[in-house]
Each structure stands twice: as C-alpha cells, then as structure tokens.
Amino acid sequence: MSDTRRSKRVPVGILGATGTVGQRFVERLADHPWFEIAAVAASDRSRGKSYAEASRWRLPSRLPDSVASMTVAAVTDELPCAIVFSALDSAVAREVEPQCARRGMLVFSNASSHRMDEDVPLLIPEVNPDSIALLPKQRRQRGWRGAIVTNSNCSTMFLAIALTPLHREFGVEKCFVSTMQAVSGAGYPGVPSLDILGNVIPDIPEEGEKLEREVVKILGRTEGDRVVAADFPVSAMTYRVAVEDGHTESVSVALTKKPGAEDLEEAWREFRGDSEVAGLPSAPERPIHYLPETQRPQPRRDVDTERGMATLVGGLKPCRIFDWKFTVLGHNTVRGAAGASVLNAEYAAIKGLLD
Ligand SMILES: NC(=O)c1ccc[n+]([C@@H]2O[C@H](COP(=O)([O-])OP(=O)(O)OC[C@H]3O[C@@H](n4cnc5c(N)ncnc54)[C@H](OP(=O)(O)O)[C@@H]3O)[C@@H](O)[C@H]2O)c1
C-alpha cells in the first residue's frame with residue numbers, strides 16, 4: 001500500500017449495514033486508520049432513513065456520530081466508493097455482489113453465495129494468504145474490473161484456524177466437530193426467544209455442510225491460480241444455544257504423526273501468520289490463544305480476547321476413538337464475520353490490490 005493511501009483514508013461502503021454483522025462493520029470501521037465509511041446500504045425498508053433510525057443500534061458501544069446521521073442507500077444504488085463490505089443474506093448477495101464487482105468494486109463478503117466458486121478466494125490471511133492469487137483469474141474469467149473476496153462461515157473460521165498448525169506439523173487425517181452456536185449468529189431478530197430460552201436447537205440449516213466443505217478449501221494448497229482442497233474428511237453437527245456472542249466447538253482429530261499434548265500446545269502457542277499479516281491493524285497479536293486452565297474457553301469470559309479477533313483453544317485430552325479432542329471458541333460476529341472481512345481488506349491493501 002502506498003504512503004499516499006496511508007495518509008488519506010479509502011472511502012468504503014457497507015452493504016447490509018443495519019444488520020448484526022453490518023453493525024459490527026460500522027463499529028470496526030468508524031475509527032479505522034486506512035478506511036473511512038462513505039456509504040451505508042440496506043433493504044428498501046431502511047432506504048432513505050437515517051442510519052440511527054434504520055439500525056436501532058444494538059451493540060454495547062456507542063453508535064459513532066459520524067455514521068448516525070448518514071442516509072441509508074439501497075444496495076443497488078451507485079455508491080461513492082471502490083470497496084464494499086457485504087453483510088447481506090446469501091440470497092441477496094448472490095445477485096448484488098457480482099453487480100458491484102462488475103461495476104469495478106472490490107467486494108469483501110460474509111455471505112456464503114460465492115465462497116465455494118473455484119475462482120473466489122476463501123481467505124484467512126494467517127492461514128491461506130496465497131489464495132488471493134485467484135483474483136486475476138476471477139477478473140479474467142468473469143470480465144469484471146472489480147472482484148469478490150470471501151471470508152468463511154463463522155464456525156468454519158475458528159475450526160480452520162485451530163486446525164492449521166496441527167495440519168502443517170502433524171497432518172490431519174480426519175476431524176469430527178460439534179458446534180454450540182450463539183444466537184447472534186442467526187442475525188436480527190434471529191431465533192424467537194420462546195424457542196431458544198432454556199433450550200438447545202440441533203441441526204442449524206446448511207451449517208454443517210458449510211463447515212465440512214469450507215475447511216478443506218481453506219486448508220488446501222494454492223497451486224498457481226487454483227486451490228487443491230485438503231485431503232481429509234470433516235464431519236460436523238451443529239447446535240444453536242442460548243449464548244449471546246461466541247461459537248464454541250467440540251473437536252476430535254486423528255493425526256498422521258503421533259504428537260504428545262505438549263507438542264500440540266506448542267504448535268498452537270507458536271502459530272503466527274506471516275510477519276506482513278501480523279502487522280495489519282486488525283490482526284490479533286496471536287491468532288490462537290491456548291488456555292491451559294480447566295473448563296476454558298468460555299464465551300462469557302473469553303470471547304472478547306484481542307478485541308474479538310483471537311481463536312481460543314483449551315481442554316486438550318486424548319481421544320479413545322480419534323487421537324486428540326479439544327474445545328475451540330471464537331467471536332462469531334467479529335473474527336467470524338466483520339473483523340475477518342476488514343482484515344482481508346487490509347491484506348488486499350498491502351498487496352497493492354486497492355491501488
Ligand atoms: N451473524 C453472524 O454471526 C454471521 C457470521 C458470519 C457470516 N454471517 C453472514 O453475514 C450475512 C449477514 O448476517 P446478519 O447476521 O448480519 O443478518 P441480519 O442481522 O439479518 O442483517 C441482514 C442485513 O441485510 C439487509 N437486507 C435484508 N434483505 C435485504 C434485501 N432484500 N436487499 C438489501 N438488503 C437486505 C438488512 O437490511 P434491513 O435492516 O433494511 O432489513 C440487514 O442490513 C449473512 O449472509 C450471514 O450468513 C453472519
């Protein structure tokens with residue numbers, strides 16, 4: 001990224017700005033050193049209203065004054081920016097994101113619609129930075145001036161990060177995961193309170209399938225301008241639980257090499273992205289925090305670690321069926337959504353893709 005760009009913030013737009021993830025984007029971009037919110041867009045229900053009125057701000061932080069008075073645009077309007085962050089439902093994103101890319105915008109998306117397209121990066125900068133190399137092919141094949149870069153499903157994010165050091169050092173042969181997912185993961189107003197209070201709801205629609213296919217794309221190898229998926233099976237069960245923020249996952253893995261507990265703990269503790277990624281404004285100091293205490297990580301206590309950008313791992317035990325089992329936790333609307341997209345945009349910036 002050039003020095004000129006550092007001294008002048010890049011105008012960005014947020015699609016789906018009034019929703020659960022959209023509000024996290026506003027929170028994380030309002031004081032961003034490189035980006036400046038120039039447009040907020042949502043459905044026709046919100047169009048023309050002030051952002052304060054349309055969003056009914058629901059985060060504990062204060063709604064930034066600079067955004068409160070902005071008028072909400074429609075997602076199909078011409079927006080005064082070359083970068084958009086998308087927090088749209090996948091059905092809407094499927095149409096709108098390609099329209100934006102065709103008009104020359106770089107789209108950083110949270111929606112599932114394009115994640116598995118073979119020319120679309122499913123990017124986690126600490127894990128698979130090379131996947132950004134798919135962009136020239138995407139532009140060439142689709143005739144777009146802009147492009148789409150996606151981040152994964154929220155539960156996928158924490159599993160992919162936790163498995164990366166294990167796969168690199170010991171080789172993952174198979175993985176079974178059960179999730180306990182927060183209600184904020186279902187958007188707003190999301191799951192009715194009478195369904196979720198004092199309850200656990202199994203089998204979140206399509207969530208297990210997303211986990212199973214996205215993790216192996218992310219942990220695959222980028223060869224030139226294509227991704228070869230990692231060659232191990234993932235089996236996932238998913239559950240919605242009465243937690244506000246933070247997805248917990250119970251993971252069992254079989255590994256090719258047979259490391260001891262200390263080897264796994266060391267692999268997690270020492271895991272870092274490339275140094276250029278570690279220096280990005282949204283990057284956590286340590287992508288993985290291994291918690292040796294018993295009965296950790298817990299959503300209420302640990303989810304905000306490193307401003308919600310850390311993945312927490314704990315409870316490592318030998319597994320009688322696989323090799324090892326452990327618990328993973330992450331903030332679904334931050335590291336699992338808005339924070340991840342902003343980090344992707346920062347990575348694209350240092351790679352010169354915003355120039
Ligand atoms: N929540 C999470 O933890 C999480 C994590 C990872 C990924 N995601 C993904 O992120 C996306 C957004 O999720 P969310 O939880 O933020 O959902 P949400 O709270 O329901 O928000 C949806 C947003 O999309 C807008 N919208 C709805 N229908 C629209 C339409 N027809 N045209 C234009 N805009 C429309 C809404 O605007 P109005 O306010 O005007 O209705 C709102 O801004 C989804 O694709 C989801 O799968 C969510």
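Counting convention: from 1, in listed order, for ligands and their atoms alike.
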Judging by distance only, is a nitrogen or oxygen of [X] under 3.5 angstrom from one on ligand 1?
X    : value
T20  : yes
Y188 : yes
G16  : yes

Tell me which part of [X] gets within contact of ligand 1: side chain, backbone, both or neither, using heavy atoms under 4.0 Å.
X    : value
A41  : neither
L15  : neither
S90  : backbone
N110 : both

To which protein heavy atom is [atom] closest, and what is the distance rounded to 0.1 Å?
atom                    : answer
atom 4 (C) of ligand 1  : V21 CG2, 3.6 Å
atom 3 (O) of ligand 1  : N332 ND2, 3.0 Å
atom 32 (N) of ligand 1 : V92 CG1, 3.7 Å
atom 6 (C) of ligand 1  : G336 O, 3.3 Å
atom 41 (O) of ligand 1 : R45 NH2, 2.8 Å
atom 39 (O) of ligand 1 : T18 OG1, 2.5 Å
atom 1 (N) of ligand 1  : S184 O, 3.0 Å
atom 17 (O) of ligand 1 : G187 CA, 3.8 Å

Ligand-residue contact atoms, ligand 1 with [X], heavy atoms, under 4.0 Å:
X    : result
A111 : 45 (O)
S46  : 38 (P), 39 (O), 40 (O)
A337 : 5 (C), 6 (C)

[X]/[Y] ion pair, N-O < 4.0 Å:
X    : Y    : answer
K351 : E276 : yes
E126 : R272 : no
R269 : E266 : no

Taking the side chain from [X] and the backbone from [Y], do they hold a donor-acceptor pair closer than 3.5 Å?
X    : Y    : result
Q23  : A17  : no
E249 : L329 : no
S131 : L123 : no

Geometric class of the W268/Y290 ring pair [parallel <30°, tilted 30-60°, perpendicular >60°]: parallel
Mutual orientation of the aromatic rings belonging to W34 and H32 [parallel < 30°, tilted 30-60°, perpendicular > 60°]: perpendicular
[atom]: which of [options] has the nearest heavy atom?
atom                    : options              : value
atom 23 (C) of ligand 1 : A87, G22, S55        : A87
atom 22 (C) of ligand 1 : N153, T156, T76, D89 : D89
atom 33 (C) of ligand 1 : A340, G19, S43       : S43

Under-4.0 Å heavy-atom contact between protein and atom 46 (C) of ligand 1: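 There is no protein heavy atom less than 4.0 Å from atom 46 (C) of ligand 1.
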Sub-4.0 Å protein heavy atom next to atom 43 (O) of ligand 1: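 True for atom 43 (O) of ligand 1.
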Residues D65, R62; criterion salt bridge (Lys or Arg N to Asp or Glu O under 4.0 Å); working and verdict: CA-CA 8 Å; D65 291 338; R62 252 185 76 76; 3.2 Å; yes
Candidate list K257, K174, K258, test salt bridge (Lys or Arg N to Asp or Glu O under 4.0 Å), partner D323, passing option: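 It is K258, the one option of K257, K174, K258 that forms the salt bridge (Lys or Arg N to Asp or Glu O under 4.0 Å) with D323.
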Donor-acceptor side-chain pairing of R24 and T333 below 3.5 angstrom: yes
For D119, the option from Q138, K137, R142 that meets side chain to side chain donor-acceptor pair (under 3.5 Å):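 Only match with D119 under side chain to side chain donor-acceptor pair (under 3.5 Å): R142.
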F170/W324 under ring-ring contact (aromatic ring centres under 6.0 Å, His included): CA gap, chis, key distance, verdict: CA-CA 12 Å; F170 315 117; W324 292 98; 9.7 Å; no
